[in-house]
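Since we're looking at a predicted model, the values are computed, not measured. Just the heavy atoms: all of them, side chains too, but no hydrogens, waters or symmetry mates, feed the values below.
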Amino acid sequence: MRDTAYKKEKRELTAYEKKMLIFFLKCIASEFSKIFIFSIVFSILGLSHEFWAALFFMMLYRTSSGGLHCKTYLSCLSLSFLILLSGILLGIYIHINLAFKIPMTLAMAAVGYFLSPVQAPTRPPLEDRLVLRAKRRTFISIMVFLVLLCITPTSRYNNIGFWLLVLHDVQLIIAYQIRR
């Protein structure tokens, strides 16, 4: 009796859900291996704290909006390293007045909303309702950054977050142009 009740409750994954599960597992393995490699490299460079802050902001922006996608693991590793290192170095050495950062961040939130999500070609396409959700999450994540920026405007880590947002929007613009 219990066995038949269990079978009634159990349902098969749809083809889309199966594709998404496989894609998700591949992404997790790839991302964790890159994080492991980067943590070693940035530790050697003496930029561990900056790396973790940069990774937080990169994940905040990219998880809902996507960005440039590479065809190979090595090219993805290289591009991710270049973006993280650039964001960290820009954040350390180039400081912009808060009065300029706030309107720039609002403009970048609009760009992020309109251009996201940029999906990997290997990912199954999103349904329209999920595209709208990704756009909203992108906008909200940038607004979360804006709040952090206003609370601690002189923080080195928030400056890294600002520059990573600039680089992220540049990625979205490039990816949008490639898709056209």
Side-chain angles (χ1 to χ4, degrees), residues 23-96 101 104-123 126 133-153 155-176 178:
F23 179 80
F24 176 75
L25 293 174
K26 286 180 182 178
C27 287
I28 293 294
S30 173
E31 294 306 314
F32 275 118
S33 67
K34 286 188 289 188
I35 290 169
F36 179 73
I37 293 166
F38 293 154
S39 64
I40 292 170
V41 171
F42 283 105
S43 177
I44 291 168
L45 295 173
L47 297 169
S48 285
H49 295 289
E50 292 80 359
F51 161 69
W52 291 110
L55 185 63
F56 167 78
F57 287 113
M58 190 174 188
M59 289 173 60
L60 180 68
Y61 308 140
R62 194 170 166 99
T63 53
S64 56
S65 62
L68 283 175
H69 296 280
C70 301
K71 293 184 182 189
T72 67
Y73 177 82
L74 188 57
S75 59
C76 182
L77 182 75
S78 301
L79 180 61
S80 297
F81 179 76
L82 180 64
I83 290 168
L84 284 167
L85 183 63
S86 298
I88 290 169
L89 294 177
L90 288 165
I92 291 171
Y93 296 111
I94 300 180
H95 299 273
I96 296 174
K101 277 184 184 176
M104 277 291 296
T105 301
L106 291 170
M108 288 185 287
V111 168
Y113 180 85
F114 289 111
L115 297 184
S116 68
V118 175
Q119 295 180 226
T122 56
R123 179 185 178 146
L126 288 176
R133 183 189 300 172
K135 287 178 175 297
R136 288 180 186 147
R137 285 178 43 198
T138 297
F139 186 81
I140 290 168
S141 67
I142 296 171
M143 291 300 100
V144 166
F145 167 70
L146 184 58
V147 169
L148 290 173
L149 184 63
C150 290
I151 292 171
T152 55
S155 165
R156 167 186 254 188
Y157 303 117
N158 284 342
N159 202 43
I160 290 170
F162 174 79
W163 285 107
L164 276 167
L165 180 57
V166 170
L167 293 171
H168 180 70
D169 270 19
V170 167
Q171 277 188 79
L172 290 177
I173 292 166
I174 292 169
Y176 177 77
I178 290 171

List the atom pairs, donor and acceptor, that lie under 3.5 Å between side-chain atoms in residues 80-88 and the rest of the protein, sequence neighbours left out.
residue	atom	partner	partner atom	Å
S80	OG	C76	O	2.9
S86	OG	L82	O	2.7

| said: Between L164 and F145, is the side-chain contact (heavy atoms from CB on, under 4.5 Å) condition met? List the steps. | reply: CA-CA 11 Å; L164 276 167; F145 167 70; over 6 Å; no
| said: One pair to check against side-chain contact (heavy atoms from CB on, under 4.5 Å): I96 and F162. What are the steps and the verdict? | reply: CA-CA 10 Å; I96 296 174; F162 174 79; 3.8 Å; yes
| request: Check whether any side-chain N or O of H95 sits under 3.5 Å from a backbone N or O of I92 as a donor-acceptor pair, and report yes or no. | output: yes
| task | Report yes or no: does T63 contribute a side-chain atom to a donor-acceptor pair with the main-chain N or O of M59 at less than 3.5 Å? | result |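 Looks like yes, one N/O pair under 3.5 Å.
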| Side chains of W163 and V166: closer than 4.5 Å at any heavy-atom pair? |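 In contact.
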| Is there side-chain contact between I40 and F36, with at least one heavy-atom pair below 4.5 Å? | yes
| note | F51 meets the ring pair (Phe, Tyr, Trp, His ring centres under 6.0 Å) criterion, sequence neighbours left out, with F42
| request: Apply side-chain contact (heavy atoms from CB on, under 4.5 Å) to the pair L77 and F38, showing each step before the final yes or no. | output: CA-CA 9 Å; L77 182 75; F38 293 154; 3.7 Å; yes
Residues in side-chain hydrogen bond (donor to acceptor under 3.5 Å, both in side chains) with [X], at least two apart?
X    : answer
S39  : none
R62  : Q171
K101 : N159
D169 : none

With sequence neighbours excluded, residues passing side chain to side chain contact (heavy atoms under 4.5 Å, CB included) with [X]:
X    : value
A109 : F139, I142, M143
S43  : S48
I28  : F24, F32

| Where do G112 and S116 come nearest, in terms of heavy atoms and distance? | O-OG, 2.7 Å
Just verifying a value: how many Å separate [X] [atom1] and [Y] [atom2], rounded to the nearest 0.5 Å?
X    : Y    : atom1 : atom2 : value
M108 : I173 : CE    : CD1   : 10.0 Å
L55  : I160 : CG    : CD1   : 12.0 Å
L148 : N158 : CG    : CG    : 5.5 Å

| query | Who passes salt bridge (Lys or Arg N to Asp or Glu O under 4.0 Å) against K34, sequence neighbours left out? | reply | E31
| Under the salt bridge (Lys or Arg N to Asp or Glu O under 4.0 Å) test, which residues partner R156, sequence neighbours left out? |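 Residues passing salt bridge (Lys or Arg N to Asp or Glu O under 4.0 Å) with R156: E50.
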Under 3.5 Å, which donor-acceptor pairs link side chains of residues 64-74 to any protein atom two or more places apart or in another chain?
residue	atom	partner	partner atom	Å
S64	OG	T138	N	3.3
S64	OG	T138	OG1	3.2
S65	OG	Y61	O	2.7
S65	OG	H168	NE2	2.6
H69	NE2	G67	O	3.1
H69	NE2	V118	O	3.1
H69	NE2	A120	N	3.3
T72	OG1	S75	N	3.1
T72	OG1	S75	OG	2.8
Y73	OH	S33	OG	2.6

